[in-house]
Amino acid sequence: MKNKMLAGVITLALAFPFAALRADEAKAKTEDHKEAKEPTYAAACPSPCEFSVKSHDKKEVAAVLKEHAKSHHHMDLSDKDADGMIKEHGAKK
Ligand SMILES: [Zn+2]
């Protein structure tokens, strides 16, 4: 009897506050987990542009960066240019 009541109280207590937080928390946890495992590549457009791109795939970052430079700044970045703008994060072992 007592256990059943307690289980009900716990369920209620967990259901409400966590419903709103769960999505963000799960996402943050997944990202932390990923970051610990593999490096993240990030690149940002020089200011005043606020464009930035981040991915675990370096080629994807380079491709997005080049596409952005072309479509927003009419600039053709070479692979080397794009590569030079990419920073590696979280390559912990
Ligand atoms: Zn830009």
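The shown structure was predicted, so the numbers you read here are calculated from the model rather than taken from an experiment. Positions are given from 1, in the same order as the sequence printed here. Remember, it's 1-based here, ligands and their atoms both numbered in the order they're listed.
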#### Entry: Straight-line distance of Leu65 CG to Ser55 OG, nearest 0.5 Å
12.0 Å
#### Entry: Short side-chain to backbone donor-acceptor contact, His56 and Pro39, under 3.5 Å
yes
### Task
Anything protein N/O/S under 2.8 Å from the Zn ion (ligand 1)? Just list residue and atom, please.
Cys45 SG, Cys49 SG, His68 NE2, His73 NE2
### Query
How many angstroms lie between atom NZ of Lys59 and atom CG of Asp79, to the nearest 0.5 angstrom?
10.5 Å
### Query
Parallel, tilted or perpendicular: which describes the rings of His73 and His68, with under 30° parallel and over 60° perpendicular?
perpendicular
### Query
Considering residues at least two apart in sequence or located in another chain, which fulfil the salt bridge (Lys or Arg N to Asp or Glu O under 4.0 Å) criterion with Asp83?
Lys58
### Task
Kindly indicate whether the side chain of Val61, heavy atoms from C-beta on, has any atom under 4.5 Å from the side chain of Met85.
no
